Amino acid sequence: MELNTRTPVQYLKGIGPAKAKLFERLEISTVEDLLHYYPRTYQDRRLYTAPNEYNSDSLVVFKGRVLRTQLVPARSVLIFKAFLENERGEKIECTWFKKRTYQAFRFDPFGALKKDFTLNSEVWVIGRRENKNNFFGDKITVEEQYPAADVLSELHTGRLTPIYGLTEGLTNKQFRLFVHEALQTEALSNEPEILPPSLLSKRQLLSAPQALKAIHFPNSQAELESARRRLAYEEFLLLATAWGIKRTQTKILAKDYHYEIKKNLLTPFRENLGFEFTSSQKKVINEIFADLCSVRPMNRLLQGDVGSGKTVVALCAMLLAVENGYQAALMAPTEILAEQHFLIFKRILKDLPVNVAVLTSSTKAAAKKKILKELAEGKINILVGTHSVIQDDVKFHNLRLAVIDEQHRFGVKQRSKLKEKTSKLDLLTMTATPIPRTLALAFYGDLEVSTISELPPGRQPIKTETATSKLAYDLVRQEVQKGRQAYIVFPLIEESEKVSAKAVTEEFEKLKKVFPQFRLAMLHGQMTQQEKESVMADFAVHHTDILVATPVIEVGIDVPNATVMVIENAERFGLASLHQLRGRVGRGAHESYCVLVPQHAGSVAKERVDIICSTRDGFKIGERDMQLRGPGEILGTRQSGELEFKAGDIFKDKDILYQAIEDRDELLSADPELTQPEHALFRQKLRELYQQNWHLIDLS
Ligand code: ADP
Ligand code: MG
């Protein structure tokens, strides 16, 4: 049977239906999938060195002759030993362990080993040297072994050897054989070259079959690098091109409405504000206004560190819409934040003829009915809310501008629903988790980015340190006595709001005894909306001194008189969360503090805490966070696979990424729809990848 790339793996020699199930777990169903399942890492088995030259836990690779073997029964394990002599006459003892199981009595667990280690035969052994010196010579715990006579042993030894990320029931030894098998088939020579020949020669890239062969069984480090380069370039070029096409497609749309800067609302709004915009804010407001006034729909990301003043910028944009008789909506990820935005808007807009309403899933039925009616009639100018705002029963009169606050907090589903709803609108998304420039370029190719690069004047740097609870509470006491306020935050437990609510309630009771002289309040996700609102409102006007909370307060909360943020069990928070939480203080003119109280710090946790203590630059923190967790996780796209790269790494391979973007631009300017014959395969691959599951591009 002639195999092609679409052949199910079970037809490869040695796989069969049962093994194919295991491959499914790795999301490998066809030969093509197998060829594109790249090694997780490589072991350098090129050097043949005697075991006594190795450090205690480095890899040992050698060839030896079998002197004798022995089966040692122990209480719970079975041990097989082989005594070898290498070419230099050194003696080495090799050991294998097997758990004693019922099966082990019925089948000989070492059957295969005994076959490999017949007396006087030559075998390759890969293992780790055991620390203690041994009477017989060196002692090795064996990882893999091969009869030297086996022609395929060269797949496993004497080379850079691929190590795959596997599932139980599959071994690397088998897997290499299967990949080798796949590489021998017609499938490899049939592997289509999707990259246009001009780019292959321009960038001096390996062909697809060459690259696949070399990524699995590289003949040298240099060949491995070339293979990775080719495969990463291909991934980047595909994604960048998808975005490029998407961008031209959105640009074709023209708005059937337009804006004029009238200032009948904007001017009094500025006078009400009580502060001057920073020059950074002015710059981004101009960028946003230019977009709004252009004939193309806006799709702009506003990024600015925590506390940089994004809300008032968004409000400017919304007021421009209202000046022109249009409606605007602002969507926030939590009810608390939506409520807070609503209150702040009402306060700033108090005397202006702008009607603002708030809609969340806790809005009572009667109130909701009224809001929906007034929205449809155009009586409400600005609607603030959670994702309730994009539900199907919400009909606007003339919504033209949508603002999404803390956009990274919305799930993929909500975002795609929003995309549907807002494709003909002006869209402003805001985030304090900045996107590194490389990522923005490649992945938000259709998105313009504005950045607020400074904080409002007079802000004091936030002193960040780790401390014990006791020291942290001393600081809280000191600050509250001075008339300031404090947050004490506990982590979410097991991702469950219920359990966390209970835990935080217990802590709250304890803390009331720690601070008997102060007014404490508690906030968690299980409270009713009304309770939450009144707690927040009391805290905002300083009717309470200390707010004990779960991370519900993580984003957006803005109480300038609060100067202490105590984060309990700090090691359980991610980098972005720690930075956001810290951003709740330092919002006024008073010196502010963030105290991290770790319980027990693992290494990654410690690294996170160290980063937070040493920098307050949200961009640095964002980039580090992305490196620690991966971009897909952070942008909430992990499940959709948008940012899953198999070969490329957007941080390490920046140069390749830039090349791909440059080539994408040339490619699309020469052939915008990719209709030229030499681009046919590339186009087909793009469609396969992005059309059905991503709704990203329309290549019919
Ligand atoms: P974020 O960018 O984190 O959403 P906010 O919009 O909540 O920040 O702003 C943080 C605080 O700074 C708010 O209290 C806001 O009123 C205040 N603020 C915003 N712009 C300025 C400015 N130009 N001068 C002084 N204070 C400002
Ligand atoms: Mg904000």
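Each ligand, and each atom within it, is numbered from 1 in the order the structure gives. Only heavy atoms go into these numbers, but all of them, side chains included; no hydrogens, no water, no symmetry mates. These numbers were taken from a predicted model, which means no experiment stands behind them. For the single chain, residues carry numbers from 1 onward in sequence order.
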Are the side chain of Gln340 and the backbone N or O of Asp558 linked by a donor-acceptor pair below 3.5 Å?
yes

Please check if the side chain of Arg572 supplies one atom and the backbone of Phe490 the other of a donor-acceptor pair under 3.5 Å.
no

With Glu287, which residues qualify under side chain to side chain contact (heavy atoms under 4.5 Å, CB included), at least two apart?
Lys283, Val284, Arg300, Ser450

Need the ligand 1 atom indices (1-based, order shown) with element for anything under 4.0 Å from a heavy-atom of Ser308.
2 (O), 8 (O)

Atoms of ligand 1 less than 4.0 Å from Val306 heavy atoms?
3 (O)

Do the ring planes of Tyr326 and Tyr259 sit parallel (below 30°), tilted (30 to 60°) or perpendicular (above 60°)?
perpendicular

Report the part of [X] in contact with ligand 1, treating N, CA, C, O as backbone and CB onward as side chain, heavy atoms under 4.0 Å; options are side chain, backbone, both, neither.
X: Phe275; value: side chain
X: Lys282; value: neither
X: Glu276; value: backbone

Atom 13 (C) of ligand 1 - nearest protein heavy atom and its distance:
Asp558 OD2, 2.9 Å

Does even one non-hydrogen atom of Gly304 get within less than 4.0 Å of ligand 1?
no

Could Glu571 and Arg608 be called an ion pair, given the rule that one side-chain N must be under 4.0 Å from one carboxylate O?
no

